[in-house]
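Below is one structure; the comments refer to it alone.
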Number of protein chains: 2
Amino acid sequence: MEKTGSIKKLLGNRIRELRRETGLSQEDFADKCGIDRSYMSGIERGVRNPTLEILWAISGGLDLDLSHLFMFETNTKEEIETTPCDS
Amino acid sequence: MEKTGSIKKLLGNRIRELRRETGLSQEDFADKCGIDRSYMSGIERGVRNPTLEILWAISGGLDLDLSHLFMFETNTKEEIETTPCDS
DNA sequence: TTGTGACTCTTAGTCCGTC
DNA sequence: AGACGGACTAAGAGTCACA
């Protein structure tokens, strides 16, 4: 529980996870998003509080819709692509 | 097109739309989210660039998951509650 | 009931490093 | 390859009076 205790950590972990799926290093990924590497490090560690435009840049770097960044509960990629609706 | 031209306006419009569905005034809604009315006004108009924690507070005020704030293409509420999966 | 400009204070965000 | 710090500039947080 206490997942609402740190939305920053929650998002940071999700971003890190998604970045690793791309195979990029933190630095290369930050560069692709157009933001500073040390700042990206802080975001992934959950110590930064990024703005909407930064989040937008990150979602762009991941080639994902912004809403997908915030799907913490699921495995994201799998859930998006399989859409398990048949029960 | 050019929807990526202003993510702030896009989100602001979505928040305003979602707030109006709740029947709350800007002031009452801002109060529920724990932020200032004039600040909320700026967000809805797309002139502010809110941080993750502000967005988190807004999603809480709407009783929605953060990811739902960013579902711009759909009618949101309807899509969420009916989950049209059978086809 | 909301938009808006102006304002102070804090922090987002960059750039330089070291470990 | 990534954590982490210092110093810095730009911009957001938060509030007010007034349209």
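In what follows, every chain begins at residue 1, and chains take the letters A, B, ... in the order their sequences are listed.
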Discussion item. I want to verify a distance call: between C:dT2, C:dT14, D:dG2, whose nearest atom is closest to the B:Ser41 side chain?
Written reply: C:dT2
Worksheet item: In whole Å, what is the span from the CE atom of B:Met40 to the P atom of C:dG3?
Response: 11 Å
Worksheet item: B:Arg48 has a side chain; which of C:dT2, D:dG14, D:dG2 sits nearest to it?
Response: D:dG14
Worksheet entry | Sugar-phosphate only, base, or nothing, as touched by B:Ile54 at under 4.0 Å among non-hydrogen atoms | sugar-phosphate
Worksheet item: Which whole-number value in Å describes the distance from A:Arg45 CZ to D:dA1 P?
Response: 17 Å
Practice prompt. Would you mind reporting whether B:Ile54 and B:Ile58 have side-chain heavy atoms less than 4.5 Å apart?
Written response: yes
Response to the item:
Ranking D:dC4, C:dG3, D:dG12 by distance to the side chain of B:Thr51, first place goes to D:dG12
Worksheet, complete the sentence: Closest of C:dG3, D:dA3, C:dA12 to the B:Arg16 side chain is C:dG3
Fill in: C:dG3 base / B:Arg37 side chain donor-acceptor hit below 3.5 Å
yes
Worksheet entry | Of the listed nucleotides C:dG13, C:dC15, C:dG3, the one nearest the side chain of A:Ser38 | C:dC15
Worksheet entry | Earlier contact from the 5' end, DNA chain C, for B:Val47 and B:Asp28 | B:Asp28
Fill in: Any B:Phe29 side-chain heavy atom under 4.5 Å of B:Ile15 side chain
yes
Worksheet item: Are a donor atom and an acceptor atom from the side chains of A:Arg45 and A:Ser41 found within less than 3.5 Å of each other?
Response: yes
Worksheet item: Rounding to a whole Å, what distance do you find between B:Glu44:CD and C:dT4:P?
Response: 12 Å
Discussion item. With a 4.0 Å cut-off on N to O distance, would you call A:Lys32 and A:Asp63 a salt bridge?
Written reply: yes
Worksheet item: Please give, in whole Å, the distance from C:dT2 C1' to B:Gln26 CD?
Response: 5 Å
Practice prompt. Rounded to the nearest angstrom, tell me the gap between atom CD in A:Glu53 and atom P in C:dG13.
Written response: 9 Å
Item to complete: Answer yes or no: does a side-chain N or O of A:Asn49 lie under 4.0 Å from OP1 or OP2 of C:dT11?
Response: no
Discussion item. Nearest whole Å is fine: how far is D:dA17 C1' from B:Asp36 CG?
Written reply: 12 Å
Practice prompt. Measure from the side-chain heavy atoms of A:Ser25 and tell me the nearest of C:dC15, C:dG3, D:dG2.
Written response: D:dG2
Worksheet item: Would you say the side chain of A:Arg19 and the base of D:dG2 hold a donor-acceptor pair, judged only by whether the two atoms sit under 3.5 Å apart?
Response: no
Worksheet item: Within the structure shown, what part of the strands sits under 4.0 Å from B:Arg20 by heavy-atom distance: base, sugar-phosphate, or nothing?
Response: nothing
Discussion item. Could you tell me how far apart A:Leu55 (CG) and C:dG13 (C1') are, to the nearest whole angstrom?
Written reply: 13 Å
Discussion item. Could you check whether any side-chain heavy atom of B:Leu18 comes within less than 4.5 Å of a side-chain heavy atom of B:Leu69, counting everything from C-beta outward?
Written reply: yes
Item to complete: Figure out the CD1/P separation between B:Ile35 and C:dT2, and round it to whole Å.
Response: 13 Å
